[in-house]
Amino acid sequence: MQKIVVLGALSAVAQQVERQMAQHRMELLLVGRSMQRLQILRQDLLLRGARQVEVFAADLAQLQQHPSVLAYVREKMPEMDTLLLAYGSLLDTEKAQRQEAMVVQQIFNDCISAAALLTSFAEDFEARRRGCIAAITSVAGDRGRASNYVYGAAKGGLAIFLSGLRARLYPCGVRVLTIKPGPIDTPMTAHLPQHARFAQPELVARDIFKALQRRRPDVLYTPFYWAWIMRLIRVMPESWFKRLPEI
Amino acid sequence: MPGGDYLSWGRYPRVRHRQVYRLSWQDQAAPRLAAAAAESLLPTGLQRSYGDSCLNAGRDLLSCRRLDRILAADFEQGWLRCEAGTTLAEILAVTVPHNWFLPVVPGTQQITLGGAIANDIHGKNHHRAGSFGRHVRQFGLCRSDAPALVCSPAQNAELYRATIGGLGLTGIILWAEIELKPIPGPGMDVNTMPFNSLEQFLELNAQQDRDHEYTVAWFDCLAPADARGVLFSGNHSPAPAGRTRGEAKPAERQWKIPFPLPQWWLNAGTIRLLNAAYRLRQRRRPRQAWLPYAPFFFPLDQVVNWNLGYGRAGFLQYQCRIPERLEVCHELLRTIARSGRGSFLAVLKKFGDLASPGLLSFPQPGLTLALDFPMRGQATLELLAALDRIVFRYGGGLYPAKDARMPAEAFQRSFPGWREFLPYLDPKLSSSFWRRVTGA
């Protein structure tokens, strides 16, 4: 892993992963929404040791901006070996599940736009027959809960997309990594009541970075205990699951 | 994020906050401050102040921890500019491989740059370098009446002086530019010297201060007749042969306490035992040794959350400055010994006479003594009040960063010029500490 493209580079978790990459003197290409913030981040990562940092401002939830992102990446980092898709949004659930427009927006942001981008980038990886495509989904995508099933549906859809992409790219040696973090203490979750279950972004980022450096796993739960919790949740019959109180 | 349990390092007092807001980017500061009600908000970093100067009971906190980007650095001239939430640990990780060090570091590297300025912290080299504020070239301050001020000794000089040691009450510190100090390498040449009385300490300390940049002493305050302790002194040093030069962070073991320990385990007996064990360990150390910088400067960081060792009730730290007269020290120690409420790790350091630009800066020429007391309710508070009386009889003062209980009078006697500070307060900011010591 030497040349990395990060989509959604300004997210709290992505920033921490980028720091680890910078400390390992890697080359980064960052895509995020605000050029001003990207410039601050670029300087920071260079001072922390990154070999090179390119930045490009785009709103990835807008499909019409995708061609310019692809063109920029292909020009500035044609030999990228790792793609990390880290952007996401969590709309206010109360509103999101009662308004059609918000349901569409949530699923569009977190699933459709991501699937579209990955489809285009997959071509590049398939042609080079190596590298790793990683995307951050969520434990919320494993089962639908009353409190966040719209977000969960979007992330779950993306996870299934990744699973299929993995099978498709496996024969040509391209790895696809699905990252499923539990709740993290970031601006995205700042409006939620916090509990001890909220992990710090540094910890999640360390796990992601480690998983990127290795060849395994295909699906990463982070922090680690979510793998066990979700194993239980996944096998629970729906007739029980629907009765589970919100914790 | 709703308030919840947001404690200071001493885990006392336990207060509730209405909201804890976070800043992720500098441009979010001005709107947040504009939206705040009068005296409702307190900017904070890592909550490493011991008492309530980083708490705002019933009101709001604004965590600046995620403002932690390095903005610029010059490793030729030796300066660094970064956002205020950057920790000293992160700064050192970046600068030490280039052979630059922070001009002043406290006993932990897990504090933010903004906190270092707001408390005008001091370190083991106070006799050479003065306090942290002396090395701050400029900083950006977001005030409710002026969202983007740059303060330096030349520009907005009054606000510069008020903000250094200003407890975060003059505005939100967004970024700061500090001087760095050249070092020959990532290590320290350390001398460890036992002493058996305070007289001996003063003598040793005077001798070590002459040819060492850093000095600090630990002693056992349960044995006042013969204050047995150890004096550490050190100088920066290149890595000895066999160690690579760039090795800034050798793998260090870090420990974590899983939960607040029960209160019964810390009592006069166990503290005596711990102190003896510590002394034994230090005495078995070679008199002269090479150490990486972290264990020399930040020995307590090896237990990430050592504050949980004091249990659910938490603890109080008492740090005072007193004239360099042994009878004051003896009187304080006798009072503590009589109470039978010993302190684990009493720390003693002689301040130098380099003045700080800060209006409310704590260090002044003389001795400073720092003691930890497990919180045991009224009895502990009474003991500290008794210590106050001794400190003020000799014209001493108390350190706000460590305090959770000093009465208004004690603050005002510690900082006789405190009224000069009032015009620079930001009307939207306040803290539990500030309301207590100004009677607001």
Side-chain angles (χ1 to χ4, degrees), chain A residues 8-20 22-25 28 30 32-50 53 55 57 86-87 90 183-206 223 225, chain B residues 1-6 17 19-28 32 46 60-75 79-87 89-98 100 110 140 174-175 177 180 246 248-249 254 256 258-259 304-305:
Chain A
L10 295 170
S11 91
V13 174
Q15 282 188 61
Q16 296 296 333
V17 180
E18 291 150 16
R19 281 186 187 178
Q20 307 247 338
Q23 276 160 18
H24 285 78
R25 314 207 144 272
L28 296 163
L30 311 179
R33 256 188 304 192
S34 156
M35 187 43 110
Q36 188 204 347
R37 291 178 179 180
L38 282 169
Q39 292 288 7
I40 295 174
L41 187 58
R42 173 172 185 270
Q43 190 62 26
D44 173 70
L45 293 171
L46 286 171
L47 286 164
R48 286 177 197 260
V53 181
V55 294
Y87 70 93
L90 177 56
I184 315 172
D185 181 8
T186 68
M188 192 180 90
T189 59
H191 59 284
L192 302 175
Q194 306 260 318
H195 343 217
R197 285 185 294 134
F198 277 65
Q200 288 304 307
E202 288 91 337
L203 179 82
V204 171
R206 261 200 304 275
Y225 47 82
Chain B
M1 152 192 180
D5 271 346
Y6 222 70
H17 292 97
Q19 284 284 326
V20 179
Y21 300 109
R22 284 81 163 314
L23 288 183
S24 299
W25 300 92
Q26 290 184 43
D27 53 49
Q28 297 165 337
R32 173 55 61 205
L46 275 168
D60 305 325
L61 290 181
L62 178 63
S63 170
C64 304
R65 168 67 188 101
R66 296 289 169 198
L67 283 182
D68 60 352
R69 281 154 292 247
I70 300 164
L71 301 171
D74 183 335
F75 295 123
W79 57 266
L80 176 92
R81 193 186 320 137
C82 53
E83 292 179 329
T86 316
T87 66
E90 289 168 326
I91 293 176
L92 290 173
V94 170
T95 63
V96 169
H98 295 276
W100 291 95
Q110 300 304 333
L174 295 177
W175 55 268
E177 186 177 305
L180 299 174
K249 282 205 297 185
Q254 286 208 325
K256 215 169 183 175
F259 49 83
V304 185
N305 52 357

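In what follows, chains carry the letters A, B, and so on, assigned in the order in which the sequence lines appear, proteins first and then strands, with residues in each chain numbered from 1.
Using a 4.5 Å heavy-atom cutoff, the side chains of A:Gln15 and B:Ser24 are not in contact.
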Salt bridge (Lys or Arg N to Asp or Glu O under 4.0 Å) for A:Arg19 and B:Asp68? Distances and angles first, verdict last. CA-CA 11 Å; A:Arg19 281 186 187 178; B:Asp68 60 352; 2.8 Å; yes
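B:Ile70 approaches A:Asp44 most closely through the heavy-atom pair N-OD1, 2.6 Å.
Atom CG of A:Leu47 sits about 10.5 Å away from atom CZ of B:Arg81, to the nearest 0.5 Å. One distance of note links CD1 of A:Ile40 with CD of B:Glu83; it measures 6.0 Å at 0.5 Å rounding.
Residue contact with chain B, scored on non-hydrogen atoms closer than 4.5 Å, is absent for A:Gln39. For A:Leu10, the parts sitting under 4.5 Å from any heavy atom of chain B are the backbone and the side chain alike. Of the atoms belonging to A:Gln36, it is side-chain heavy atoms, and not backbone ones, that fall under 4.5 Å from chain B.
Side-chain contact check for B:Arg69 and A:Gln43: no donor-acceptor pair (N or O, by modelled atom type) lies under 3.5 Å.
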